[in-house]
Amino acid sequence: MKALLYYRTSGKTGSANKGFGYETQRAECRKYCRDNGIEIEAEYFSNGVSGELIDQDAQLMSLLAHLNGDDVVIVTKSSCRLLGRSEMRQALVKRELMKTSKQLICLDQPDFDIYTKDPGQMLMQQIWQAVD
């Protein structure tokens, strides 16, 4: 299995980003892959890009354009890093992942599942996204 890793900081370079700084995200995602025998195919880093914006996130667009291969998963620290905060961004990213049947692994939310139909789980995901 191979992974595409995605990191995003929304603050200024070098800021704390409330535990979501680049080094923290990168170290945790790489450790997860190493611990689970997953080969890292590519890493994408959107530096200083708001989670509300999608049209200015070239790295996200690049990741979505490279969702190839049957054994590729997406790994990110938290759903808010990849999905952002706007409903449009969330819908677009989820649609692209689902179109290609990709699994999204969110390290801070191990039960996060973009394919769930369980109303309780869907509510919890919305709460996590609101908190993020």
| Measuring from Glu23:CD to Glu28:CD, what's the distance to the nearest 0.5 Å? | 12.0 Å

| Met88 atom CE, over 12 foreign heavy atoms within 6.0 Å | no

| task | Nearest 0.5 Å please: distance from the CD atom of Glu41 over to the CE atom of Met1. | result | 12.5 Å

| query | Are any side-chain N or O atoms of Arg81 and backbone N or O atoms of Arg8, one a donor and one an acceptor, separated by less than 3.5 Å? | reply | yes

| query | Could you state the interatomic distance from CZ (Arg30) to CD1 (Ile38), rounded to the nearest 0.5 Å? | reply | 14.5 Å

| task | Output yes when a side-chain donor or acceptor of Thr100 lies under 3.5 Å from a complementary backbone atom of Glu96, and no otherwise. | result | yes

| Closest approach of Pro110 to Leu107 (non-hydrogen atoms, all atoms of both residues) | CD-O, 4.0 Å

| Pairwise side-chain contact, Ile105 with Asn36, heavy-atom cut-off 4.5 Å (strictly under) | no

| said: Between Ser46 and Thr9, is there a side-chain heavy-atom distance shorter than 4.5 Å? | reply: no

| field | Residue list, salt bridge (Lys or Arg N to Asp or Glu O under 4.0 Å) with Asp55, at least two apart or on another chain | value | none

| message | So that I can tick it off, tell me whether Lys2 and Asp71 are bridged by a salt bridge, with the cut-off set at under 4.0 angstrom between side-chain N and carboxylate O. | response | no

| Quick one: are Ile54 and Ser86 in side-chain contact, heavy atoms under 4.5 Å? | no

| field | Set of residues satisfying salt bridge (Lys or Arg N to Asp or Glu O under 4.0 Å) with respect to Lys31, sequence neighbours excluded | value | Asp35

| request: Check Ala3 against Cys33 and note the closest heavy-atom contact, atom names and distance. | output: CB-SG, 3.8 Å

| All ring-ring contact (aromatic ring centres under 6.0 Å, His included) counterparts of Tyr6, not counting sequence neighbours | none

| Parallel, tilted or perpendicular, as decided by the 30° and 60° cut-offs, for the rings of Tyr22 and Tyr7 | perpendicular

| Side chains of Leu83 and Thr76: closer than 4.5 Å at any heavy-atom pair? | no

| Beyond-backbone contact of Ile74 with Leu82, side-chain heavy atoms, under 4.5 angstrom | yes

| Does the side chain of Leu104 reach to within under 4.5 Å of the side chain of Cys106, using non-hydrogen atoms? | yes

| message | Taking the side chain as everything from C-beta on, heavy atoms only, tell me whether Val49 gets closer than 4.5 Å to Gln59. | response | no

| request: Show your reasoning for whether side chain to side chain contact (heavy atoms under 4.5 Å, CB included) applies to Arg26 and Leu5. | output: CA-CA 8 Å; Arg26 189 174 109 202; Leu5 279 52; 6.0 Å; no

| query | Is there a side-chain contact between Ile40 and Leu4 (heavy atoms, below 4.5 Å)? | reply | no

